[in-house]
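Model, not experiment: these values are computed from the prediction. Just so it is clear, the values below take in all heavy atoms, side chains as well, and ignore hydrogens, waters and symmetry mates. Along the sequence shown, residues are numbered consecutively beginning with 1.
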Amino acid sequence: MTDPARSAAVRPISPPSPAAPSLIPPPGRHPLTRLLLLIVLLSLIPALLLTLGRVQFEGSQKTVALVMDYPALVIQARRYGLEPQALLARYKALGVNGLALYEDTVASLQQRGEIYLKNGFDLAADFPGQGVKTNAVYVRSVVPGVAETLPGRYTIPTRTLTVGGQQWTEWPTDPSYLPAGPNRAQVAEFQRQGMVLVYRPYQDEAVPVAKVGTDWPDVPFVAFTGDEVIGARTPELLEQVNRSLGSRVPAVIEGNIQDGLETLVLTHGGARLFALAPSWQNQLDPEEVASKYNLAARERSMRLLYLRPYPTINETETFLKKTGDLLARSGIRVGTPVVGAYTPNPLLQWLSALGPLAALLLAGLNLPLRRLGMLGVAGVGLLCVGLNYATPLAGLALVAAVTFPALGLILRRSKVTDWFLATALSLIGVVFVSALGATRESMLGLHPFRGVGLTLLLPLVMVAASFLPKQDIRKTLADVYAAPIRLGDIAVMGVGLALLALVFQRRGNATGGSVTEFEASLRQEVQDSIVRPRFKEVAAHPLALLGLSGQLPGYFSALMLLGGVMGQASILNTFSHFHTPFLISAIRCFLGLGLGLLIGAALIWALKQALRLWSAVQVRPGGPGAGDEVRA
């Protein structure tokens, strides 16, 4: 006889039952679903027209200027015993076609030998008894007329006196750092050489408002210094600067949106300028820096690449050669940028706005708890518009960005092919985001898209809400509170929260999320060769496919599906950075979709094989290790 209690110990070990698609809560279907989808499709027509116009505009804006900081070049040339023009010729041969020239100061006039400046203490010591004030500063001309023209530029009272047989101008304060206008001979010479010039003016309270900008040279671009443009604190002065710019285009410096710049851009447009701080540049290899400049031109619409030389000429030449090679490979032309203004049609934008509103309503109506769902989507809409209260269309673009990634999985999630529907709806959302959010200001980075982080969070919340059972929410909360939790459940939840926090932290171009040295190296190699897909999309799309496959046990299908929402959300997040050309974002998106689909298909196949192998393994009486369990 066989002991029944012992024979139970040798029965085949059964794997956990694969989760049938029905284990994922089924989606709802509201009677208005078809009508609202029709509204979305109809409003897609004006959105497509706007997106096409944006693509055409961006296609005409693929010329950049390689602008070298001229004072930095002069310093390097002198350290190596070279004439600045000789060193510039070497750099021009490697692609440099522009220079950044700073406004002269009184001190720079002295350095060039055009004036002679002496403090009163020293002058009085040289010529005692001639009325020299020891607390004053004295200036005289070396080049005739230079010192005599300076007092008329400022409101500072001066007087002229003769000391030691020479005429001096007495200044009650040190004028060394007062702006003194452009070096016109230098500007004319570089214009003769065909260089693209960027003028960098200074400002001082001693300069009368009416004279500000009146002597700026005729150059295509002006880049202001500091954290604000000249006149940012004084409306009258800002208006004078606005008039003085004329046909010159102000530079929009990446990472330093200067106060008052938006006023100037509204009148004159703007050219995005990218530069690296010398302290950071010198910590990186020339190849790394070249990669960053190429990325800035190709994927962040930078028109002025502001270059500074490395400490050595060899490093600088390596950097310039690599930059030129990468730009050529990316299809970016080096020349004189002609900056246009992107002006979307307001009527088409407002017609497009119906799509995101219909999609948000559709999502709310198809949630299991309809009243709670409608309150939730109303809150989402108010939050999106409230964050972008100054630009309501941008708020509606945010509505599209948080709604469409979730909509497909709210409507259908019973089989693997439903992933294609979810992706199609996300791509429709992309068109609405571009149509409503892309403006001249947002594409220049002046009006950042507020609430971009919500594009990764709210879709996840909306899909999770669609998993709620159709019952009193109080009962659901009580059931959740009373549910037994195993250590494995806690571990799974911990991993999920950690991954969500990592994805949220590392959103955007520059965040607090650190990157490993290997990942940084891999990113550079990929982005130098092709447009780099977003890694979170490549990782998240396979999760959605696994969740829809119905092969996973227990609640893992639902967890995988929630993880897959991050892939859909990342698509919209990618297109929410309007300074990136639309087609570049599209390439990045479809590369991520393609890789995610391939990886997901491979994982589904591997999972099926693993489950089949698990089911085939059985412990038989008399087999290895079974002798102690089976007795007659």
>> Just checking Lys211: does its NZ atom have more than 12 heavy atoms from other residues, nucleotides or ligands closer to it than 6.0 angstrom?
In response: yes
>> Could you check whether atom CG of Asp227 has more than 12 heavy atoms from other residues, nucleotides or ligands sitting under 6.0 Å from it?
In response: no
>> Test: ring-ring contact (aromatic ring centres under 6.0 Å, His included). Region: residues 51-95. Which pairs qualify, not counting sequence neighbours?
In response: Phe57-Tyr342, Tyr70-Phe190
>> Looking at His579 and Ser442, would you say the former's side chain and the latter's main chain have a donor-acceptor pair under 3.5 Å?
In response: no
> For the atom pair CG (Leu326) and CG (Leu295), what is the distance rounded to the nearest 0.5 Å?
Replying inline: 10.5 Å
>> Testing the 3.5 Å rule here: is there a donor-acceptor pair between the side chains of Tyr306 and Asp69?
In response: yes
>> Quick check on Arg450: does its CZ atom have over 12 non-hydrogen neighbours (other residues, nucleotides or ligands) under 6.0 Å away?
In response: no
> Is Glu170 paired with Arg159 through a side-chain N to carboxylate O contact shorter than 4.0 Å?
Replying inline: yes
> What's the shortest heavy-atom distance between Pro220 and Leu197, and which atoms?
Replying inline: CD-O, 3.4 Å
> Counting only heavy atoms not in Glu83, do more than 12 fall under 6.0 Å of its CD?
Replying inline: no
> If every non-hydrogen atom of Ser576 is compared with every non-hydrogen atom of Thr455, which pair is closest and at what distance?
Replying inline: OG-CG2, 4.3 Å
>> Once rounded to the nearest 0.5 Å, what's the spacing between atom OG of Ser330 and atom CD of Glu299?
In response: 8.0 Å
> Out of curiosity, Thr173 OG1 to Asn135 CG, how far, rounded to the nearest 0.5 Å?
Replying inline: 10.0 Å
> Does Arg248 pair with Asp218 as a salt bridge, N-O distance under 4.0 Å?
Replying inline: no
> Side chains of Gln61 and Arg303: donor-acceptor distance under 3.5 Å anywhere?
Replying inline: yes
> Quick one: OG1 on Thr158 to CG on Leu150, what's the gap to the nearest 0.5 Å?
Replying inline: 9.5 Å
>> Using a strict threshold of under 4.0 Å (side-chain N to carboxylate O), is an ion pair present between Lys321 and Glu317?
In response: no
> Sub-3.5 Å donor-acceptor pair from the side chain of Asn242 to the main-chain atoms of Thr267, do we have one?
Replying inline: no
>> Looking at every heavy atom in both Leu398 and Leu387, which two are closest together, and how far apart are they?
In response: CD2-CD1, 4.2 Å
>> Treating Gln283 as the side-chain partner and Ser279 as the backbone partner, does any N or O pair qualify as donor plus acceptor under 3.5 Å?
In response: yes
>> As an exercise, state the distance from CG of Leu109 to OH of Tyr116, rounded to the nearest 0.5 Å.
In response: 16.0 Å
> Which residues pass the salt bridge (Lys or Arg N to Asp or Glu O under 4.0 Å) test with Glu236, sequence neighbours left out?
Replying inline: none
>> Taking atom CZ as the centre, does Arg78 end up with more than 12 heavy-atom neighbours from other residues, nucleotides or ligands that are less than 6.0 angstrom away?
In response: no
>> Between Ser434 and Val430 (side chain of the first, backbone of the second, donor and acceptor by atom type, cut-off under 3.5 Å), is there such a pair?
In response: no
>> Tell me which one of Gln258, Gln203, Arg233 satisfies side-chain hydrogen bond (donor to acceptor under 3.5 Å, both in side chains) with Glu228.
In response: Arg233
>> Run the side chain to side chain donor-acceptor pair (under 3.5 Å) test on Glu315 and Thr312 for me, step by step, so that the C-alpha distance in whole Å, both residues' side-chain angles and the decisive distance to 0.1 Å come before the verdict.
In response: CA-CA 5 Å; Glu315 288 177 298; Thr312 68; 2.8 Å; yes
> Do Asp104 and Tyr202 get their side chains close enough for a donor-acceptor pair, meaning under 3.5 Å?
Replying inline: no
>> Please determine whether side-chain contact (heavy atoms from CB on, under 4.5 Å) holds for the pair Val96 and Val67, giving the CA-CA distance in whole Å, both sets of side-chain angles, and the decisive distance to 0.1 Å.
In response: CA-CA 6 Å; Val96 171; Val67 180; over 6 Å; no
>> Measuring from atom CD of Glu148 to atom OG1 of Thr160, what distance do you get when rounded to the nearest 0.5 angstrom?
In response: 7.5 Å
>> Angle between ring planes, Tyr293 versus Phe274, binned at 30° and 60°: parallel, tilted or perpendicular?
In response: perpendicular
>> Show the nearest heavy-atom pair for residues Arg588 and Thr580, with the distance to one decimal.
In response: NH1-CG2, 4.4 Å
>> Can a donor-acceptor pair be found, under 3.5 Å and without considering hydrogens, that links the side chain of Ser352 to the backbone of Ala47?
In response: yes
> Is there a donor in the side chain of Ser244 and an acceptor in the side chain of Gln240, or the other way round, less than 3.5 Å apart?
Replying inline: yes
> Should the pair Arg184-Asp215 be classified as a salt bridge under the 4.0 Å nitrogen-to-oxygen rule?
Replying inline: no
> Taking it one step at a time, do Thr574 and His577 satisfy side-chain contact (heavy atoms from CB on, under 4.5 Å)?
Replying inline: CA-CA 6 Å; Thr574 295; His577 299 93; 5.7 Å; no
>> Show the nearest heavy-atom pair for residues Gln85 and Gln193, with the distance to one decimal.
In response: OE1-NE2, 3.1 Å
> Ion pair present between Glu58 and Arg54, side-chain N to carboxylate O less than 4.0 angstrom?
Replying inline: yes
> Taking only residues two or more places apart in sequence or in another chain, which ones pass ring pair (Phe, Tyr, Trp, His ring centres under 6.0 Å) with Tyr138?
Replying inline: none
> Sub-3.5 Å donor-acceptor pair from the side chain of Asn282 to the main-chain atoms of Pro278, do we have one?
Replying inline: yes
> What do the steps show when you test Phe221 against Val339 for side-chain contact (heavy atoms from CB on, under 4.5 Å), and what is the final call?
Replying inline: CA-CA 10 Å; Phe221 302 103; Val339 179; 4.0 Å; yes
> Under the side-chain contact (heavy atoms from CB on, under 4.5 Å) criterion, do Glu205 and Tyr154 qualify, and how do the steps go?
Replying inline: CA-CA 9 Å; Glu205 291 78 4; Tyr154 318 106; over 6 Å; no
>> Donor-acceptor pair, distance only, cut-off 3.5 Å: does the side chain of Arg153 make one with the backbone of Val207?
In response: no
